[in-house]
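Notes follow the structure.
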Amino acid sequence: MKYTFLLLCAIFGCTLAMRQQSVAVSGKLMCGSKPASGVKVKLWDEDDGPDPDDVLDEGFTNNDGTFRLEGSERELTNIDPVFKVYHDCDDGIIPGQRKIKFRIPNKYISAGGRAQKTFEIGVLNLETIFPKEERDLL
């Protein structure tokens with residue numbers, strides 16, 4: 001019985017140590033001179049080690065290419081927010097989608113469940129060939 005109490009105290013202590021953190025990103029995507037509408041965008045918390053990566057929010061760009069994503073996660077350490085774009089701009093008939101990712105600076109991470117600041121990524125032209133661009137085949 002004593003060990004059960006100690007185990008429950010340890011679990012409760014770990015739960016309290018987990019801090020809820022939030023982040024938001026917004027911007028506009030273009031494909032050349034046209035808005036990139038209907039492009040899949042995701043906000044991730046990428047983790048190292050055994051903790052799996054978490055999708056914080058996902059959606060699609062509006063008709064004018066704009067988007068806004070916001071999400072939160074409980075972690076012991078700071079979350080590592082990453083904004084990912086999955087698109088076919090300037091891609092021809094190559095299978096899968098081009099995937100690019102951008103790390104969001106730590107100063108845009110807020111304590112609590114709602115982001116206090118939004119990282120404005122600006123206007124991105126998806127015709128650009130980004131460094132370390134990948135291909136998403138799923």
Worksheet entry | Stepwise side chain to side chain contact (heavy atoms under 4.5 Å, CB included) check, Glu73 with Gln20 | CA-CA 6 Å; Glu73 180 72 19; Gln20 186 167 17; over 6 Å; no
Worksheet item: Between Gln21 (side chain) and Ile79 (backbone), is there a donor-acceptor pair under 3.5 Å?
Response: yes
Practice prompt. Let me see the working for Asn78 and Arg19 under side chain to side chain contact (heavy atoms under 4.5 Å, CB included), right down to the final yes or no.
Written response: CA-CA 8 Å; Asn78 281 352; Arg19 300 176 293 132; 3.1 Å; yes
Practice prompt. Any chance you could measure Glu58, atom CD, to Leu69, atom CG, to the nearest 0.5 Å?
Written response: 9.0 Å
Worksheet item: Taking it one step at a time, do Arg68 and Leu43 satisfy side chain to side chain contact (heavy atoms under 4.5 Å, CB included)?
Response: CA-CA 10 Å; Arg68 183 175 193 288; Leu43 183 59; over 6 Å; no
Item to complete: Taking the side chain as every heavy atom from C-beta outward, state whether Asp80 and Asp45 have any pair of such atoms under 4.5 Å apart.
Response: yes
Worksheet entry | Contact list for residues 103-125, test salt bridge (Lys or Arg N to Asp or Glu O under 4.0 Å), sequence neighbours left out | Glu46-Arg103, Glu70-Arg114
Worksheet entry | Ring center gap for Phe67 and Phe83 short of 6.0 angstrom | yes
Discussion item. For Phe130 together with Phe102, are the ring centres under 6.0 Å from each other?
Written reply: yes
Worksheet entry | Stepwise side chain to side chain contact (heavy atoms under 4.5 Å, CB included) check, Lys84 with Trp44 | CA-CA 8 Å; Lys84 294 184 181 181; Trp44 288 81; 3.5 Å; yes
Worksheet item: Should Val41 and Thr61 count as side-chain neighbours, where that means a heavy-atom distance under 4.5 Å?
Response: yes
Worksheet item: Is there a donor-acceptor contact under 3.5 Å from the side chain of Ser110 to the main chain of Gln116?
Response: yes
Worksheet item: Can a salt bridge be assigned to the pair Lys42 and Asp136 using a cut-off of 4.0 Å between side-chain N and carboxylate O?
Response: no
